[in-house]
Amino acid sequence: MAKLFIRFLSPALPSEESYQVRSEWAITEDSGDVRASGETDFRGLSDLIDPTTDWLSKPNNIIVIIPNGYVLCVSCSVPGRNVGQIRRALPFVVEEFVTTDIDHMHLASGELKRGAPARCNLIERTLLDNWLSCLEQLGIRPGYMIAEAELLPVSAGQMTLLLDDDEAVIRTADEAASVDRENLLLALGALEANSLQVVYGDLTDIERGQLGPEIEVDKLRLPDGDPETRLLYLAAAWRQGEPAINLLQGRYQAKQPINPTWLSWRPAAALAAIWLLVAVIGMAVQAFYAGYRADQLEASSEALYREIFPGERRVTNVRRQMQARLGDRSDGAASGFIAQLAALGVELEPSTGVMGLSYTEDRGELAADLLIPGYEELDRLKQRLGSEGFGVEITSAEQQEKGVRARLRISDQQQGGQGA
């Protein structure tokens, strides 16, 4: 997709209807081919740019390059135990590098790491606000705004130099600056480096001769050769993916447009969210009912225990207290009685009344005298106990005024039973 590069050559000064500003511009393809380029003012940019064009509506396709004369590039050590502390302390540390009030400066940083120097770019907020307002009046919003030195490759112990007529941009691993050509040698002599690579433009014979013999000079050329203009070199460096600090951070960060594909899927996503909410509510209701049912069963078990042992004052754990009542016997009888009684207590409906219970230790049988609402409930009780592995025999069942009076024998092994 095409990319629009704009390099501002002057501040953007508001006028009655527009802005007074000079800039270079270039439109390039992903392949590196240049569609068009030039130098113009605000009116020329407004004639050039059609904000309704699809690719121009995406901030990531618009890259603004700021001359280093407007940007302060520094590297400093910032104390802090984590990234959050480092980020909060950063403005106080870089304040010593600026001559104006730090509150009037916009601070952008590279990746912050504990124990590593923090790379920072500072620019006056008024400059930045006017440039962004100028672009907004043109109908475009950039995704990147970068100091040109950020696009120069560099490594430790090396100086990188970009030359253009009477100006030079110098970058090292820790700092960057723009100087007049006549002060170039003075600036290079103040830096500690053993090699110099020129990425755009050429040193004159006099400049090369005045460099110390200990400095190795190398000319770095792009794969496609030297571009025609400084902006085209910077655009090519951008495509090579040099890590650069984007000035558009914090409140200046570009907002990406909503993906049209997402817009088409948004109704389906909303419906899926509704179904998910319904499912969560359903599970919550199911969990609530399960808790309610468990409380009911616990109450039934406690009621049955109190019916068997009416003298018990306090019931906290039915199973343990039943074992204690039975003397915690290990001959198998107690455990059979407890298992049968527990199963009966779990399966009984709240509407069923227990008229009496007896346990025959020899046969391992629990006899229960129940008042149950009807024959269907009696059959279901027998089936449920049978499915738990117990033998159930209905010895008698007769209809009474308040329900069916039934007597059951429950054993550990299924022995078959007879119905009512």
Side-chain angles (χ1 to χ4, degrees), residues 3-28 34 36-49 51 56 59 62-73 98-101 104-108 121-152 161-171 176-184 187 200-201 227-238 244-249 252 254:
K3 298 283 191 296
L4 171 63
F5 291 87
I6 297 176
R7 179 176 176 264
F8 283 116
L9 302 176
S10 70
L13 303 177
S15 61
E16 293 183 1
E17 297 181 356
S18 61
Y19 284 83
Q20 297 177 12
V21 65
R22 298 291 302 176
S23 64
E24 290 180 288
W25 62 273
I27 299 175
T28 67
V34 179
S37 65
E39 182 178 330
T40 187
D41 56 10
F42 181 86
R43 174 177 289 185
L45 282 176
S46 63
D47 294 337
L48 168 72
I49 295 172
L56 277 177
I62 303 171
I63 301 95
V64 177
I65 299 173
I66 306 299
N68 256 79
Y70 299 108
V71 183
L72 175 62
C73 303
V98 299
T99 58
T100 60
D101 190 345
H104 297 160
M105 306 291 289
H106 170 62
L107 170 62
N121 284 182
L122 293 99
I123 186 172
E124 289 187 14
R125 290 187 185 275
T126 303
L127 274 174
L128 184 58
D129 289 337
N130 285 344
W131 275 325
L132 290 175
S133 297
C134 172
L135 293 173
E136 187 172 1
Q137 189 165 332
L138 291 169
I140 59 175
R141 297 183 179 181
Y144 302 92
M145 185 172 278
I146 298 168
E148 56 188 350
E150 289 290 318
L151 296 174
L152 306 184
L161 183 61
L162 182 148
L163 299 168
D164 189 9
D165 296 331
D166 58 352
E167 185 186 9
V169 179
I170 308 170
R171 183 185 180 188
S178 175
V179 298
D180 296 334
R181 190 71 176 260
E182 59 186 20
N183 296 318
L184 173 61
Y200 182 81
E228 296 179 0
T229 66
R230 176 174 177 169
L231 177 59
L232 291 180
Y233 166 78
L234 296 172
W238 166 268
I245 296 175
N246 187 359
L247 290 170
L248 300 180
Q249 297 182 13
Y252 293 105

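In this chain, numbering begins with 1 at the start of the sequence shown.
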Enter the distance from His106:NE2 to Ile123:CD1 here, rounded to the nearest 0.5 Å. 8.0 Å
Please evaluate residues Glu167 and Arg181 with respect to the criterion side-chain contact (heavy atoms from CB on, under 4.5 Å), reporting the C-alpha separation (whole Å), side-chain torsions for both, the decisive distance (0.1 Å), and the verdict. CA-CA 5 Å; Glu167 185 186 9; Arg181 190 71 176 260; over 6 Å; no
Less than 4.5 Å apart, side chain to side chain, heavy atoms only: is that true for Arg141 and Glu136? yes
Count the heavy atoms of every other residue, nucleotide or ligand shown that sit under 6.0 Å from CZ of Arg7, and state whether that count exceeds 12. yes
Stepwise, does the side-chain contact (heavy atoms from CB on, under 4.5 Å) test hold for Trp238 with Ile146? CA-CA 10 Å; Trp238 166 268; Ile146 298 168; 3.2 Å; yes
If you count every heavy atom of other residues, nucleotides or ligands that lies below 6.0 Å from Glu39 atom CD, does the total exceed 12? yes
Closest non-hydrogen atoms of Leu163 and Leu184, given as atom of the first, atom of the second and distance, are CD2-CD2, 3.8 Å
Ile140 CD1 to Leu135 CG distance, which is reported to the nearest 0.5 Å: 5.0 Å
Glu148 with Arg230: basic N within carboxylate O range, under 4.0 Å: yes
With distance as the sole test, does Asn68 use its side chain to make a donor-acceptor pair with the main-chain N or O of Ala149 at under 3.5 Å? yes
Would you say that Leu248 contacts Leu132 through its side chain, given a criterion of any heavy-atom pair below 4.5 Å between the two side chains? yes
Heavy atoms, side chains only, cut-off 4.5 Å: are Leu231 and Ser37 in contact? no
Minimum heavy-atom separation for Ser10 to Arg22, with atom names? OG-N, 3.0 Å
Who are the ring-ring contact (aromatic ring centres under 6.0 Å, His included) partners of Tyr19, not counting sequence neighbours? none
Any luck finding a side-chain donor-acceptor pair between Ser18 and Gln137 under 3.5 Å? no
Looking at side-chain heavy atoms only, is the closest gap between Phe42 and Leu138 below 4.5 Å? yes
Which heavy atom of Asn121 sits nearest a heavy atom of Cys73, and at what distance? ND2-SG, 3.4 Å
Are side-chain heavy atoms of Thr40 and Leu48 found at a separation under 4.5 Å? no
So, taking the atom named SG in Cys134 and the one named CG in Leu13, what distance separates them when rounded to the nearest 0.5 Å? 10.0 Å
Can a donor-acceptor pair be found, under 3.5 Å and without considering hydrogens, that links the side chain of Glu150 to the backbone of Ile245? yes
Is a donor on one side and an acceptor on the other found under 3.5 Å between the side chain of Ser133 and the backbone of Asn130? no
Looking at every non-hydrogen atom in both residues, tell me the closest pair between Ala147 and Leu247 and how far apart they are. N-CD1, 4.5 Å
Once you round to the nearest 0.5 Å, how far does CD1 of Ile27 lie from CZ of Phe5? 11.0 Å
Which atom of Leu232 lies closest to which atom of Ala26, heavy atoms considered: CD2-CB, 3.8 Å
Measure the shortest side-chain to side-chain distance between Tyr233 and Leu151 over non-hydrogen atoms and say whether it is less than 4.5 angstrom. no
Once you round to the nearest 0.5 Å, how far does CG of Leu152 lie from CG of Leu234? 7.0 Å
Could you tell me the separation between the OH atom of Tyr200 and the OG1 atom of Thr229, rounded to the nearest 0.5 Å? 5.5 Å
List the residues meeting side chain to side chain donor-acceptor pair (under 3.5 Å) with Arg125, not counting sequence neighbours, and say none if there are none. none
ring-ring contact (aromatic ring centres under 6.0 Å, His included) partners for Phe8, two or more places apart: Trp131
Exercise: identify the closest heavy-atom pair between Met145 and Asn246: N-OD1, 3.0 Å
I'd like to check Leu9 versus Glu24 (side-chain heavy atoms, cut-off strictly below 4.5 Å). Are they in contact? yes
